[in-house]
Chemist: 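Pasting a structure here, questions to come.
What you are looking at is a predicted structure, and each value in this text was computed from that prediction instead of being measured. Each chain gets a letter, A, B and so on, in the order its sequence line appears, and its residues count up from 1.
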Amino acid sequence: MQKYIPGEFEKKINAYWEKNQVHKTVSPDGKKEKIYALSMFPYPSGAGLHVGHVRIYTGTDVLARFFRMNQKAVMHPMGWDAFGLPAENAAIKAKKNPMDMVPDNIKNFKKQMSMLGLSYDWNRELSTIDPAYYRLTQWLFIQFFKMGLLYKKNTPVYFCEFCKTGLAEEEVLSDGTHERCGRPITRKELPQWIFRITSYADRLLNDLENLDWPEGILEMQKNWIGKKEGINIAYKVSNKDRSAIDEKITVFTTRPDTNFGATFIVLAPEHDFVKKIISGKIKTDDWIKKDLEEYVKKSLAKTDQERINERRKKTGAFTGFYAVNNLNNRLMPIWTSDFVLSEFGTGAVVGVPGHDVRDFEFAKTFGLDVIRVVVGKDGDKTPITKKEQVEEGGGTMINSGFLDELGTQDATNKIMDFIEKKGWGKRVVTYHLRDWIFSRQRYWGEPIPMVFCKNCADQNISWWKTDEGIRFSKSHQNISKQDKNITKNMAGWFPLVEQSLPLELPYTKSYEPTGTGESPLTKIKGWVETKCPHCGASAKRETDTMPNWAGSCWYFLRFASQKINSKSQISNYKKNPNNKEQNLFGTWDLEFRASIKKWLPVDWYLGGAEHAVLHLLYSRFWVKAMQDLGLLDFSEPFLRLRNVGMVIAEDHRKMSKSFGNIINPDDVVLEYGADALRIYEMFMAPFNQEIAWSTTALQGAYRFLNRVWKIYHSFKFNPITSKIEDDKKKLIGKLNKTIQKVTDDIPQTKFNTAIAAMMEFLNDWERFNKPLASESLDVDEAKKFLQILAPFAPFITEEIWLNVFGEKNSIHLSNWPKSGDLVVEEELKIPVQVDGRLRSFVVLSRQDLSEKKIIESAVKDEKVSKFIGGKKYKAIYVKGKILNIVLAG
RNA sequence: GGGCGAGUGGCGGAAUGGCAGACGCGUAGGUCUCAAAAACCUAUGAGGGCAACCUCAUGAGGGUUCGACUCCCUCCUCGCCCACCA
């Protein structure tokens, strides 16, 4: 018998699959239901595939193969998220141009994926750095600009001094470091392209309801969007002597019920009122102005890490002015402090120190008044002097005029009505979600297809005032929601003529980030200088590029169409930069729309949980915006989302070069074969749970496959004699149960228990009728077991299918076996408990299976009667499951 | 501080109202071998007992139930996400 040496046939099987196009997408028709199974696509780093990648991709592959065998029309594509920081930083480190290096990385990734037996339809391969691909990324950018979702503005951005780029808030970790490079982040004010994702906040929140996603991810998105209902209250500002000045301070609060307890106002250091005092527009004492100036300067210079380190320590400066509380005419001093965030609400807070710990700390630090207006559960009515007494929860109102005695909820409603009626404020909804900063001062990204024309800007012409802009607004009335401020501020900015796309990223030797807040593209004069699409005067291109999220926001759509898909064109592009034909395939045409309709949304989306508020939120946003543009007729991209757990090293640390604990999938495949690696990673734990690498457990998976190999290679094709008929029936019963279990488990991503069930069956099969174990099943039944193993171990099963059974077509295109009639066992074994503790079993034939008979034979059982000991009892029988005899007394 | 999840043998885990520890790893003993590896066989939660068996046991404590790893309450520990969000 041949030994199981995976290296000897895995390559051959791969060639067979390719030749016979086994993984080719089958188009869905009336009969075949479509299944779109997708793994989150990787950025092709130089390090090659991680064993963590293997886990995600194998999971999706098991699903794809399972559904294919169930005769569904399956699309299972793969592509490359090749723009962005990780690729670029790696390239810089290697001192290579990313445009030269990334295509090599892709080749390596692709080779590794084939080696693993991942059943991708490579005809649909795409890469985000392919000009044929990002042509549409740019085109979409322009559409979003036209509908008023994009604007450019000076904004304080999170800035990574190491990566030398601005970042989105989502890319900043809670310790104030950069998600990608781990270095501390500062803030810098830069002109940025910004996406108005906030105008979709409500839809992004509400549509979560219908998604079959992990609960945790849904929660994270909900929290990130962070919808809060409250009220904006405007206060008049006065001097200490109550003489009014012509200013108002508007605060946002969710607890207006506590407003009788308000004793001060705090503004963010960036607040306009503060700026006005510092600039001298509002006059105040010199020493106050100086203090304020110093404080603001100091707090704005802090890095986020410094802010975080200071945490709860309260700092601040007094403005010299007071706000008048309308409710009780109280003068509330106006302070500034960096615990108030300029981006949230109105950037101003009303201080209620009795019922907010932060406010209390601030009041204590600066000697401000504390008033109790709520009596909480503890019933404490005494003045609040200690932090522990601060009542943040609900309760009953006191010291609050007409609100006294009311509960928190009633008081809130009553005072909101009251304030609105008096015209002092207005109910508002705020969100934690901020607009999405979309520019990066880096080379390796899609060029932003916008041009700035000084000539037009001087005449205050914005795109929306051009003929084209007016026409667009008329034909898209439902979505033309760019507000007046945006229109006003966007004078001089024009999108490229769409026919000229793609705006290709130029090949350059100086691709390293500049650190000046401008991208390296700025230095390429011939590229920057262009003509204004509107007036024809000389103009300048936008030199910032898009973030790496851009390409991944719509790639799942692109797979749907093969026609406008293409092989990576980077090399062609470099050889013939002027050959537009070669780099331009299709557009958002009818064919593309039809393909999208056929395949989208994605049915199964598998990937890590780390994208919860990044890629998964951005993609949902783009899809909704595209729906509004009439490009799509659905609102959610991913129907089912499943998370994969991380694979960490054997020493329970992250796999990393510096720890020297990296497992390279190539080595594993070389030694144990791809099937063993796949089985191991699917078997070790529930799919969404973290696993630590274990080479001995991997060897267990190999042993299992080795036994499969042996039993099939010693398989005799003769039917079995009648002598063992009964046992054989049992084995076939077990086989049917196993088929049922695997069939149920796979769509629930319970891969570990599916594999355990198959191991159990193999144990039984081997034990049965030794030493001729292989004779114990008929050929047809032996094939069924091979088939249910096929999605997990595609190579070994194919090899046996073709070369042991002599099948003509791939096992992966065969029909998934039916579990058949479960063989009814003649005898049934019922566990018997006495007082809830297992004491014995009764074995009865099916005919005798009445409750009466069971109880009769149970009490006769020696082990049972011993415990009954003549006492009275009642019996509880759960049909076919268990009998419990409960003793009286 | 807020949200979510998890605590079961030496280890990864199974069972989610009905026989706790499936399956795998590890360990011990054995077969084969001059020997080793591989492969195969047997045992393997803890305690007691020659044994049949018995007792204890799913983070801790309480509750519901004929019956709880599973449901409810209180607490402890760990992990992940968010966080000076008004």
Side-chain angles (χ1 to χ4, degrees), chain A residues 3 173-174 214-224 226 228 230 251-256 258 266 268 307-308 310-314 337-341 343-352 355-359 361-362 392 430-434 609-610 612-613 643 645-646 679-680 683-686 688-692 694-701 703-704 706-707 710 750 752-763 766-767 770-771 829-841 862-863 866 873-887:
Chain A
K3 278 185 79 179
L173 300 181
S174 55
E215 205 52 48
I217 303 283
L218 293 174
E219 262 328 293
M220 276 189 237
Q221 289 218 354
K222 263 183 221 164
N223 291 341
W224 191 258
K228 288 213 175 85
V251 302
F252 170 75
T253 178
T254 53
R255 292 291 305 276
T258 61
V266 191
R307 282 192 188 216
I308 286 156
E310 290 178 4
R311 189 87 324 182
R312 295 206 154 263
K313 215 175 106 198
K314 295 289 179 290
S337 172
D338 61 9
F339 85 86
V340 177
L341 307 173
E343 310 89 357
F344 189 78
T346 58
V349 172
V350 55
V352 184
H355 305 285
D356 183 296
V357 172
R358 291 157 308 173
D359 293 352
E361 286 166 345
F362 191 79
E392 291 190 316
T430 59
Y431 300 89
H432 168 255
L433 185 71
R434 306 289 150 70
E610 68 274 15
V613 290
N643 286 139
M646 285 204 308
I679 291 273
Y680 161 70
F683 174 65
M684 270 305 274
N688 60 4
Q689 207 168 299
E690 180 180 280
I691 58 175
S694 160
T695 298
T696 51
L698 169 73
Q699 285 163 347
R703 271 198 285 274
F704 167 64
N706 193 23
R707 284 160 54 208
K710 278 204 227 162
K750 286 162 77 171
N752 57 330
T753 50
I755 291 170
M758 290 189 280
M759 288 173 166
E760 234 182 290
F761 174 75
L762 183 65
N763 288 345
E766 282 176 340
R767 257 175 230 135
K770 293 219 150 207
K829 192 171 149 193
I830 302 281
V832 181
Q833 297 180 330
V834 179
D835 277 341
R837 316 180 88 154
L838 182 73
R839 295 303 178 188
S840 185
F841 299 91
E862 207 182 302
K863 292 178 213 158
K866 189 169 92 189
Y873 62 86
K874 77 177 178 187
I876 290 158
Y877 174 57
V878 183
K879 204 178 166 196
K881 284 220 162 137
I882 204 161
L883 174 71
N884 191 7
I885 291 174
V886 185
L887 301 179

Chemist: For nucleotides 18-30 of chain B, just jot down a letter per nucleotide in 5' to 3' order: B, S or -, based on protein non-hydrogen atoms under 4.0 Å.
Modeler: BB--BBSSS----
Chemist: Measure CZ/A:Arg255 against P/B:C85 and give the value in whole Å, please.
Modeler: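 Going from A:Arg255 (CZ) to B:C85 (P), I get 14 Å.
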Chemist: Using the P atom as the reference point in each nucleotide, state the distance between B:G29 and B:A38 in Å, no decimals.
Modeler: 15 Å
Chemist: Closest approach to the side chain of A:Val340, judged atom by atom: which nucleotide of B:C66, B:A86, B:A14 is it?
Modeler: B:A86
Chemist: Tell me what A:Glu361 touches on the nucleic acid: a base, only sugar-phosphate, or nothing, going by heavy atoms under 4.0 Å.
Modeler: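 It contacts nothing in the nucleic acid.
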Chemist: Using atom CZ of A:Arg358 as one end and atom P of B:G2 as the other, report the distance to the nearest whole Å.
Modeler: 13 Å
Chemist: Counting only N and O atoms by type, is there a donor-acceptor contact under 3.5 Å from the side chain of A:Glu361 to the main-chain atoms of A:Lys314?
Modeler: no
Chemist: Can you tell me which nucleotide in B:C84, B:G13, B:A86 comes closest to the side chain of A:Thr253?
Modeler: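 The answer is B:A86, which lies nearest to the side chain.
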Chemist: Counting distance only, does the side-chain N/O of A:Asp359 pair as donor-acceptor with the main-chain N or O of A:Val352 below 3.5 Å?
Modeler: yes
Chemist: Between B:A14 and B:C53, how far apart are the P atoms? Round to whole Å, please.
Modeler: 31 Å
Chemist: Under 4.0 Å between any heavy atoms, over every strand shown, what does A:Lys228 touch: base, sugar-phosphate, or nothing? Just pick one.
Modeler: sugar-phosphate
Chemist: If you only use heavy atoms from C-beta on, which nucleotide in B:C4, B:C85, B:C56 is closest to the side chain of A:Arg837?
Modeler: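 The answer is B:C56.
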Chemist: Please work out which of the three classes, parallel, tilted or perpendicular, describes the rings of A:Phe344 and A:Phe252, given edges at 30° and 60°.
Modeler: perpendicular
Chemist: Between C1' on B:A83 and CZ on A:Arg434, what's the gap in Å once rounded to a whole number?
Modeler: 12 Å
Chemist: Compare the minimum distances between each of B:G3, B:A15, B:A86 and the side chain of A:Lys750, then state the nucleotide with the smallest one.
Modeler: B:A15
Chemist: Quickly work out the A:Asn688 CG to B:G13 P distance and round it to whole Å.
Modeler: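 Rounded to the whole Å, the gap is 11 Å.
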Chemist: Please answer whether the main-chain N or O of A:Ile876 pairs with a side-chain N or O of A:Asn884 as donor and acceptor at a distance below 3.5 Å.
Modeler: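 Not at all, since once roles are kept as given, no pair shorter than 3.5 Å links the two residues.
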Chemist: From the list B:A83, B:C84, B:C81, which nucleotide is the closest neighbour of the side chain of A:Trp224?
Modeler: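 Shortest atom-to-atom distance from the side chain points to B:A83.
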